[in-house]
Amino acid sequence: MNLNRGLKIIEYIHAVLHFAILIPFVYAVAGLSDPAGVGVLYLKCLLAAVPVVLTDLAVRRVKSLVWYVLSCAALVICLSGGIRGLFYLSAETGQMTLGQMCYFAGIVVETLIIAGMRLYNRVKEAAREREEPLAAKERGMLDSPALSHVWYFVVFYLLGLCTDAKALCDIAFASTIAYTFLALVYEYIGAARAYLEINKRTRGISRRRLYGIGLSMLLLFAVLLLAGMMPAVLLIQQRQYTNFRDWFSEVELAPFDYEGIGGFETPIQGGGSMMELLGVGEPAPEPSMLMNTIFWIIGTVCVLVFCYGVFMIIRQVLRDFRNGRDENGDVVEEIEDEPSQKVEHINRKRYRGMESEAERIRRRYRKMIRKHRKERPAPYESPAEIEAWAGLKEDEAMQQLHVEYEAVRYGSLKK
């Protein structure tokens, strides 16, 4: 029971982290900032936990669609009323600022989206149960933490770099780290439970012992992963921001002197630098050699991992295309040799150079017959009959091989 509650809490955190990053993104695009700081803004965005939890309770306990819609409407009214009341009490003029209005609208929209997603998942699950009652339950986006969702926060981190929004980058970075470890724990518990349910051989082993062994390995991996994240944590102040709004703005040109030789334009004495021509202002401080080395190492590793991933994807696509379906549309699976057969084949190739002359003649004879005759010869067939059925009775090479094989067969040639 406690394990199920823990999994449910991780699912709630999974949904909250996904929605809590949307309002900081709106702030970044609109060029807004919270005067209380990044931490307070993120804590306020975590208010999305209220609709996440309450809509889940409503969708599981309310049986009627009308009552579910009414409960969601009451939730929206209560949330909006409470937020507006707090803003009016804290504002000096009694009116909400532009940032407060964006936050208020963001919370309301997130609540409506969460309620709609819960309703859609419930309707979809009911339709699936009518069509396939014995099928496994499908999980929606709000209830399925996975490591594959980390890209979601990475995208917002890159958007923060492109909008010159330090707050969005910090929030996305912290969310990425927290979500990675939560997804690891969730997948570990799910895999352990599935293993215990499927494998009957573990029924005599203590569940606490199995979970303890797996948890120790998970903690070791988590420590190594955290150590790999530390360079990124230590280099937070070295981020290079840009602003997409300035990419298409007019470039401010430096003044020119028209009294140069031959009437050509020459820059005046003490003209602006390239950074001033681009209107960027003072150049950013150069990072130290140690930081540049760390960045180069991390970048090289990322490029190598990316190239390896692309290579494996292309290889799998080509393999699926080659072994996918035949001309009749039937699925064709590649049947590989068993490990014992592979070892035997390797040993046969390894010691082929050590075989005797008689063994080489026998192998050549079998290879020649298999090449011209597809069916396996019967045990009662003589070599002459085998060669005749293979169509090699008049073949000169076969006649010479026949003489050598007969010598080996009747013991005339030493083995």
Side-chain angles (χ1 to χ4, degrees), residues 7-30 32 38-39 41-53 55-56 102-103 105-121 124 138-191 221-222 225-226 228-229 231-233 236 239 241-242 244 298-299 301-303 305-306 309-310 313:
L7 292 176
K8 179 57 69 174
I9 291 174
I10 294 178
E11 292 175 2
Y12 288 155
I13 298 175
H14 152 80
V16 171
L17 291 178
H18 275 73
F19 283 95
I21 203 171
L22 297 179
I23 294 178
F25 172 68
V26 175
Y27 271 56
V29 174
L32 303 174
V38 180
L41 173 62
Y42 193 49
L43 289 177
K44 292 193 297 185
C45 294
L46 293 179
L47 187 63
V50 175
V52 167
V53 176
T55 54
D56 181 63
C102 288
Y103 175 79
I107 290 295
V108 173
V109 172
E110 287 178 0
T111 304
L112 294 175
I113 293 175
I114 294 171
M117 294 178 67
R118 297 285 192 196
L119 178 61
Y120 172 76
N121 291 336
K124 184 179 179 181
E138 294 183 3
R139 307 183 65 84
M141 194 279 289
L142 296 175
D143 305 322
S144 56
L147 287 174
S148 58
H149 292 173
V150 175
W151 66 266
Y152 177 84
F153 303 99
V154 175
V155 169
F156 279 99
Y157 181 82
L158 297 177
L159 291 175
L161 293 177
C162 295
T163 55
D164 195 9
K166 183 179 182 300
L168 179 59
C169 286
D170 292 339
I171 291 174
F173 186 75
S175 300
T176 303
I177 296 178
Y179 186 83
T180 300
F181 290 101
L182 282 174
L184 278 175
V185 174
Y186 188 86
E187 292 193 356
Y188 155 69
I189 296 176
F221 179 76
L225 182 60
L226 183 61
M229 293 179 178
V233 176
I236 288 178
R239 293 191 194 128
Y241 298 94
T242 184
F244 74 95
I298 295 175
V301 172
C302 292
V303 171
V305 171
F306 176 77
V310 172
I313 291 174

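Of the residues Thr163, Leu159, Ile171, the one that meets the side-chain contact (heavy atoms from CB on, under 4.5 Å) test with Phe25 is Leu159. Screening Ile13, Ile114, Leu142, Leu47 against Val52 for a side-chain contact (heavy atoms from CB on, under 4.5 Å) leaves a single residue, Ile114.
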Derivation and outcome, side-chain contact (heavy atoms from CB on, under 4.5 Å), residues Val50 and Ile107: CA-CA 10 Å; Val50 175; Ile107 290 295; over 6 Å; no

Carefully, step by step, assess Leu32 and Cys102 under the rule side-chain contact (heavy atoms from CB on, under 4.5 Å). CA-CA 9 Å; Leu32 303 174; Cys102 288; 3.7 Å; yes

Assess whether side-chain contact (heavy atoms from CB on, under 4.5 Å) is satisfied between Tyr157 and Leu168, documenting all intermediate values. CA-CA 7 Å; Tyr157 181 82; Leu168 179 59; over 6 Å; no

Evaluate the side-chain contact (heavy atoms from CB on, under 4.5 Å) criterion for residues Asp170 and Ile236: first the C-alpha distance (whole Å), next the side-chain angles of each, then the deciding distance (0.1 Å), finally the verdict. CA-CA 8 Å; Asp170 292 339; Ile236 288 178; 4.1 Å; yes

ring-ring contact (aromatic ring centres under 6.0 Å, His included), that's the test. Do Phe156 and Tyr152 meet it? Break it down for me. CA-CA 7 Å; Phe156 279 99; Tyr152 177 84; 5.0 Å; yes

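For the residue pair Cys45 and Tyr103, the shortest heavy atom distance occurs at N-CE1, 4.1 Å. Contact between Ala146 and Ala183 at its shortest, heavy atoms only, is C-CB, 3.8 Å.
With sequence neighbours excluded, the residues satisfying side-chain hydrogen bond (donor to acceptor under 3.5 Å, both in side chains) with Ser175 are Tyr42.
Distance check, rounded to the nearest 0.5 Å: CG of Leu184 to OG1 of Thr180 gives 7.0 Å. In this structure, CD on Glu11 lies 11.5 Å from CG on Leu182, to the nearest 0.5 angstrom. Atom OG1 of Thr176 sits about 8.5 Å away from atom CE of Met229, to the nearest 0.5 Å. Note: Ile113 CD1 to Thr55 OG1 = 12.0 Å, rounded to the nearest 0.5 Å. Expressed to the nearest 0.5 Å, how far CG of Leu147 lies from CD of Glu187 amounts to 4.5 Å. Rounded to the nearest 0.5 Å, atoms OG1 (Thr111) and CZ (Phe19) are 9.5 Å apart.
Geometrically, Lys166 does not engage Tyr241 in a cation-pi contact, judged by NZ or CZ lying under 6.0 Å from the ring centre and within 45° of the ring axis.
Looking at Leu46 and Val16, their side chains come closer than 4.5 Å, going by heavy atoms from C-beta outward. In this structure, the side chains of Glu110 and Ile23 come closer than 4.5 Å at one or more pairs of heavy atoms.
Taking a 6.0 Å sphere around OH of Tyr120, one finds it holds 12 or fewer heavy atoms contributed by other residues, nucleotides or ligands. In this structure, Lys124 places its NZ atom where only 12 or fewer heavy-atom neighbours from other residues, nucleotides or ligands lie under 6.0 Å away.
One side chain, His14 or Tyr179, offers a donor N or O that lies under 3.5 Å from an acceptor on the other.
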